[in-house]
Amino acid sequence: MNKLLVITVVVALFALSAESFRVPRQVDEEEQGTITKITDTVKSYYAGAVNTASEYLEQIKGLKLEEKAKNLYTETSNIMSTYLGIAQDQLYHIFHH
């Protein structure tokens, strides 16, 4: 579930921020070959994508969603065990008395 959430967030962020990436202008274009230009462009896109994803993951971690989910699960399981214990006692007294 966590991996699916992270992947969904990262893909959505890539889709939303794709317009903000720009290729840096090269000053010495004559000295560089085509493969070097393509490699540099891919590296800059990759670095920007990794930085953006890291920033968004840090923001998600700042929301403390894991802690809230654990607390909700703990509280819910405590409440359910209490009510199931009460129901078990009621059924025991109905059938054995």
task = Among Asn78, Thr76, Leu72, find the residue that satisfies the side-chain contact (heavy atoms from CB on, under 4.5 Å) test when tested with Thr74.
result =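 For Thr74, the side-chain contact (heavy atoms from CB on, under 4.5 Å) check succeeds only for Asn78.
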
task = Let me know which of Thr36, Val42, Ile35 forms a side-chain contact (heavy atoms from CB on, under 4.5 Å) with Thr39.
result =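 Running side-chain contact (heavy atoms from CB on, under 4.5 Å) over Thr36, Val42, Ile35 with Thr39 returns exactly one hit, Ile35.
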
ask   = Are Ile79 and Ile86 joined in one hydrophobic group, where the rule is that I, L, V, M, F, W and Y side chains link up if heavy atoms are under 4.5 Å apart?
value =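 Looking at the clustering, Ile86 is in the same group as Ile79.
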
task = Working to the nearest 0.5 Å, report the span between NZ of Lys70 and CD of Glu75.
result =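 So the NZ of Lys70 and the CD of Glu75 are separated by 14.5 Å.
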
Euclidean distance, Asp89 CG relative to Ile94 CD1, rounded to 0.5 Å = 11.0 Å

